[in-house]
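Just so you know, residue 1 is the first one in the sequence shown, and it goes up from there.
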Amino acid sequence: MQSDEYEAFEDRREAGSALAEKVAACLTELGAADRPLVLGLPRGGLPVAREIADRVGGDLDVAVARKIGLPGQEEFGIGAVTADGPPRFSEDTLRRLGLSEDALAPNVEREREEARRRLHRYRGDREPPRIADRTVIVADDGVATGVTAMAALREVRAKGPRHVIFAAPVCAKESVPQLSGEADRVVCVLIPDYFAAVGAWYRDFAQLTDDDVVAVLEQAWSTRPTG
């Protein structure tokens, strides 16, 4: 159930539009005058990222991070990994469950391979966008634990951007301080006291496919060549 204080978004496009206004204000506060790069986390983050890119005149691309699930309970995220960077784990969760990073190595490699597959599927032979010395916005459709977003942010940070912003329409209150450790700014439209799940904050939360992601990217690339 949702807090009476907030209303759910109609869909990702409406959520992205509301978020884009807050991101635009954040860019002004930062004094970011360069053409920003907006990286959507697939799959659900791409429609949100597209709204932001359109609003701020930014380039659109994709950042892929994969959740590392608890063995036997894969939906329970205990870490995340990108195509090339080191895995990021919730150290508190590992200690509480008596798990070691070494024991999770097969899970890490499986998710890393899936991240690489997705990057190739989404981008094909297209060169990755320039990140160094520019403002980068990493966007998703919502954040629960934040571990996947933090893995993506850490990989972006390692490439030397001028500013890093994380943006999502709805964020669990507990995840915001952790995200703030990886990004210069965290921008959320809703930070409810009772979060439940990302999908609870959307009336239409239809699952997207790889083809949906590719369609969003190709449309953006055809209208605004990446700089």
Side-chain angles (χ1 to χ4, degrees), residues 1-9 12 14-16 18-23 25-26 29 39-45 48-49 52 63-82 85-101 104 107-108 111 115 136-158 163-203 205 207:
M1 101 183 251
Q2 295 159 5
S3 166
D4 293 337
E5 187 180 351
Y6 304 113
E7 286 190 14
F9 299 107
R12 292 180 179 90
E14 181 187 83
L19 181 62
E21 293 303 318
K22 288 185 170 290
V23 171
C26 179
E29 291 172 9
L39 301 176
L41 288 168
R43 298 183 177 103
V48 173
I52 296 171
V64 177
R66 293 286 299 168
K67 177 174 65 180
I68 301 167
L70 178 67
Q73 300 180 47
E74 299 301 327
E75 288 305 308
F76 183 75
I78 56 177
V81 67
T82 60
R88 179 189 175 98
F89 290 99
S90 169
E91 299 297 336
D92 289 343
T93 303
L94 292 187
R95 281 195 298 271
R96 189 170 67 251
L97 298 176
L99 293 171
S100 69
E101 293 190 22
L104 293 165
N107 304 57
V108 171
E111 297 305 332
V136 180
I137 302 154
V138 177
D140 205 354
D141 56 7
V143 175
T145 65
V147 68
T148 304
M150 285 186 280
L153 287 167
R154 182 168 291 185
E155 183 173 69
V156 167
R157 179 71 78 183
H163 302 293
V164 180
I165 298 168
F166 178 77
V170 58
C171 302
K173 184 165 59 175
E174 297 79 8
S175 70
V176 174
Q178 300 176 67
L179 291 164
S180 297
E182 303 291 345
D184 299 313
R185 295 283 192 282
V186 176
V187 181
C188 308
V189 179
L190 305 180
I191 307 177
D193 289 328
Y194 181 79
F195 182 81
V198 172
W201 298 95
Y202 289 84
R203 296 187 185 91
F205 197 64
Q207 296 303 298

Do [X] and [Y] have side chains that get closer than 4.5 Å, going by heavy atoms?
X	Y	answer
Leu19	Val48	yes
Arg96	Glu91	no
Phe89	Leu99	no
Phe195	Glu174	no
Ile137	Val23	yes

Can you measure from [atom1] ([X]) to [atom2] ([Y]) and round to the nearest 0.5 angstrom?
X	Y	atom1	atom2	answer
Lys67	Asn107	NZ	CG	12.5 Å
Phe166	Ser175	CZ	OG	7.5 Å
Ile165	Leu179	CD1	CG	13.5 Å

Take Val64 and Leu41, measure what side chain to side chain contact (heavy atoms under 4.5 Å, CB included) needs, and give me the verdict at the end.
CA-CA 6 Å; Val64 177; Leu41 288 168; over 6 Å; no

Taking every non-hydrogen atom, the tightest pair across [X] and [Y]:
X	Y	value
Val143	Ala168	CG2-CB, 4.0 Å
Ala49	Gly40	CB-CA, 3.7 Å
Ala172	Ile191	C-CG2, 4.5 Å
Arg203	Ala8	NH1-O, 3.1 Å
Pro192	Val170	CD-CG2, 3.8 Å
Ile52	Ala139	CD1-CB, 3.9 Å

Suppose we screen for side chain to side chain donor-acceptor pair (under 3.5 Å). Which residues come up paired with [X], at least two apart in sequence or across chains?
X	result
Glu101	none
Thr82	Glu155
Glu182	Arg88, Arg154

The test is side chain to side chain contact (heavy atoms under 4.5 Å, CB included); show your working for Leu94 and Leu104 and say whether it passes.
CA-CA 10 Å; Leu94 292 187; Leu104 293 165; 3.7 Å; yes

Using a 3.5 Å distance criterion without hydrogens, assess whether the side chain of [X] forms a donor-acceptor pair with backbone atoms of [Y].
X	Y	value
Arg185	Cys26	no
Trp201	Cys171	no
Asp184	Val164	yes
Tyr202	Ala15	no

Pair Asp193, Lys173 - check side chain to side chain contact (heavy atoms under 4.5 Å, CB included), show working.
CA-CA 7 Å; Asp193 289 328; Lys173 184 165 59 175; 3.1 Å; yes

Is NZ or CZ of Arg12 both nearer than 6.0 Å to the six-membered ring centre of Phe205 and within 45° of the ring axis?
yes

Side chain to side chain contact (heavy atoms under 4.5 Å, CB included), that's the test. Do Ile78 and Val147 meet it? Break it down for me.
CA-CA 8 Å; Ile78 56 177; Val147 68; over 6 Å; no

